[in-house]
Structures are given as C-alpha cells and as structure tokens.
Amino acid sequence: MTSLVAPSLLAADFSHLADEIQRAETAGADYIHIDVMDGHFVPNLTLGPPLVAKLRACTRLPFDVHLMIDRPDIYAARFIEAGADIVTIHVESPCFHDGTASIPAVLHDIAARGARAGLVLKPATPAATLLPHLPLCAMVLIMTVEPGFGGQAFMPAMLPKIRAVHDAARTAAPALNIEVDGGIDDQTAALCAAHGANVFVAGTHLFGRADMAARITRLHNLHCIC
Ligand code: DX5
Ligand code: ZN
C-alpha cells in the first residue's frame, strides 16, 4: 500500500500559509501536519485554534494536528472544533502524570468528537509506554528528533522503536498508522519504512522546494516490507 505524506507547515512560509497549503495539496500531500507548541512542553510557540479554523477553508486535506503542549486534555477539543481531523497527543504531557487527566479518557474524547486519535512518543520514551493504549489509537507518531524545532538531524536510534510498535500493532491494532516526524528525507524515510512506518511528516525536505511533487511521489513509493 502507498505510504502517506504529511508536509509539516512549520517549514512553510508563514506569511503565505494559504498558498503553501494549496501548493502541498497540488503536489500530492495526503495530510497537512500542523505543529502546535505552547512554549512549555517544548521551548517554542507556534499557533492556536483560531488560525487552524481560518486555514480549514484553504483545503479539503485532513489536518494532522500534533499537540506539543502541557494540556492536550483541554485543547484537543478546541482544535477539533477548529477543523482538526487527526489529533496526536504526547504521552509525556504533564497532565497525564500529575493526576489531572488520563490518556485513555483523552483518546476516547478525541474519537467521540469525530476525530482520529493518536499518541506521540518523544525520543527517550520507550514503545512499551503506549502499548496498553494501542487499541484506542488510529495513529502512533514516533518522534525521530526532539520535538520543538524543524530542521534537526534524524535519530537512527529510533528505528527499533518503530519496529517494536509495528510488531505490537499486528495483533493489538492492525489498522494502525505509524507516523514518523523529524529529519525525514528520502534516505531516512526509507529506513523508517523498512522498520514499519507508513506516514511521513516532512518539513524542511518539502516546503520551499521547487520539486515538491516529485519529492512527495518518492515518499509515497516507500513501502514497509516487514
Ligand atoms: C518538530 C515537529 C516537526 C517538524 C519537522 O517538533 O514536530 O513536525 O516540523 O521538521 P523537519 O522535517 O524539518 O525535521
Ligand atoms: Zn510534528
């Protein structure tokens, strides 16, 4: 099956976001990946629900919203109202560790609101952390850089984690999409595909490139053979 490609808006020209989304859609993108950062969970700030709501009118492509924030339990609903189709939440968000919220409850809430739910793992977090939650996930996102910034180098040490999630999903969640994010290009995406990933987020590799369509086609053609 063809892999899916989710260009990350973080690398787009923020003064022309509507044009950039259109360009990604015309080039063959499957999702638009939207990185939400709150300046607490990661040391960077990006955008909020009002901007996502405005961008919703620019494309029919699903919005893949990656919440790098302390309180996904509060804001997941706000982003779904704004037009998010997929919402991924970090297992490391502090609200899941101080008794404020529970991962299954937030995953259920996302699904009940009509979006697809996913969990994200930072590089230091082992695959075992999310295995109990796999049946509640439409997607798992494995970070292949430390979240917070685009343009970082891919971490090959994440490859066994991709394989571990892939193998666990065979029985626990056969329809699971396995997404990778950070330092993705032709070479690193091929490695991820070989370990079981089928959704490629790419920022620097795709935006600002004259041959974006050819780059997306090459990523589409990388398949998991495991
Ligand atoms: C980083 C974000 C990524 C980022 C990837 O925290 O989650 O989506 O945009 O950027 P590249 O593809 O440039 O590594
Ligand atoms: Zn991301």
Side-chain angles (χ1 to χ4, degrees), residues 3-42 44-91 93 95 101 103-120 136-141 143 147-148 150 175-182 184 198-203 206-207 212 216 219-220:
S3 292
L4 301 173
V5 180
S8 169
L9 269 197
L10 196 60
D13 178 348
F14 267 42
S15 65
H16 297 279
L17 283 178
D19 298 338
E20 293 281 70
I21 288 172
Q22 269 298 306
R23 215 163 72 78
E25 182 168 0
T26 304
D30 299 283
Y31 303 147
I32 298 296
H33 184 81
I34 300 179
D35 290 298
V36 176
M37 307 184 189
D38 66 357
H40 293 273
F41 185 72
V42 290
N44 196 4
L45 276 167
T46 53
L47 50 85
L51 185 51
V52 172
K54 281 287 183 193
L55 296 176
R56 190 58 281 181
C58 304
T59 180
R60 289 186 173 179
L61 289 183
F63 281 172
D64 170 28
V65 176
H66 173 193
L67 297 182
M68 288 163 274
I69 62 179
D70 276 1
R71 297 300 303 270
D73 56 318
I74 294 175
Y75 287 102
R78 300 270 305 276
F79 282 97
I80 294 166
E81 284 160 20
D85 300 281
I86 303 165
V87 177
T88 58
I89 58 174
H90 273 266
V91 300
S93 284
C95 64
I103 289 174
V106 177
L107 293 174
H108 273 300
D109 182 57
I110 291 168
R113 292 174 188 276
R116 284 178 272 166
L119 284 175
V120 195
L136 297 176
C137 294
M139 177 132 92
V140 164
L141 168 50
M143 291 306 299
L176 187 75
N177 280 317
I178 300 180
E179 183 177 51
V180 285
D181 182 5
I184 296 298
N198 71 320
V199 184
F200 304 115
V201 176
L206 294 179
F207 278 106
M212 189 186 210
I216 289 178
L219 294 176
H220 274 152

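Residues Cys137 and Leu176 approach most closely at O-CD1, 3.4 Å, considering heavy atoms. The heavy-atom pair separating Val5 from Pro7 by the smallest distance is O-CD, 3.5 Å. For the residue pair Cys58 and Gln22, the shortest heavy atom distance occurs at O-NE2, 2.8 Å. In this structure, His40 and Asp38 approach most closely via the heavy-atom pair N-OD1, 2.8 Å. What you find for Ala76 and Leu67 is that their closest heavy atoms are CA-CD1, 4.0 Å. Considering every non-hydrogen atom in both Thr46 and Asp35, the closest pair reads OG1-O, 2.7 Å.
The distance from the CD1 atom of Ile32 to the OG1 atom of Thr59 is 5.5 Å, given to the nearest 0.5 Å. In this structure, the separation between CG on Asp73 and CD1 on Ile110 is 10.0 Å, given to the nearest 0.5 Å. With rounding to the nearest 0.5 angstrom, the CD1 atom of Ile184 is 8.5 Å from the CG atom of Leu219. Interatomic distance, Arg23 CZ to Leu206 CG, rounded to the nearest 0.5 Å: 9.5 Å. Taking CE of Met37 as the start and CG of Asn44 as the end, the distance is 5.0 Å to the nearest 0.5 Å. Put simply, OG on Ser3 and CD on Glu179 are 11.5 Å apart, with the number rounded to the nearest 0.5 Å.
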Step-by-step side chain to side chain contact (heavy atoms under 4.5 Å, CB included) determination, Leu119 to Ile89: CA-CA 5 Å; Leu119 284 175; Ile89 58 174; 3.6 Å; yes
Pair Arg60-Asp85, salt bridge (charged side-chain N to carboxylate O under 4.0 Å, His left out): steps then yes or no: CA-CA 11 Å; Arg60 289 186 173 179; Asp85 300 281; over 6 Å; no
From CA spacing to verdict: side chain to side chain contact (heavy atoms under 4.5 Å, CB included), Arg56, Val52: CA-CA 6 Å; Arg56 190 58 281 181; Val52 172; 5.7 Å; no
Full working for side chain to side chain contact (heavy atoms under 4.5 Å, CB included) between Val120 and Asp181: CA-CA 10 Å; Val120 195; Asp181 182 5; over 6 Å; no
Side chain to side chain contact (heavy atoms under 4.5 Å, CB included) between Leu47 and Val36, worked out: CA-CA 6 Å; Leu47 50 85; Val36 176; 4.2 Å; yes
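A distance-only check finds no donor-acceptor pair linking the side chain of Asp30 to the backbone of Ala6 [under 3.5 Å]. No donor-acceptor pair under 3.5 Å is formed between the side chain of Thr88 and the backbone N or O of Asp64. Using a distance-only test at 3.5 Å, with no hydrogens or angles considered, no donor-acceptor pair links the side chain of Arg116 to the main chain of Ala138. When atom types are taken as modelled, the side chain of Asn198 and the backbone of Asn177 share no donor-acceptor pair closer than 3.5 angstrom.
Side chains of Leu9 and Phe207 form a contact here, defined as non-hydrogen atoms less than 4.5 Å apart.
The list of ring-ring contact (aromatic ring centres under 6.0 Å, His included) pairs with a residue in residues 56-83, not counting sequence neighbours, reads His33-His66, His66-His90.
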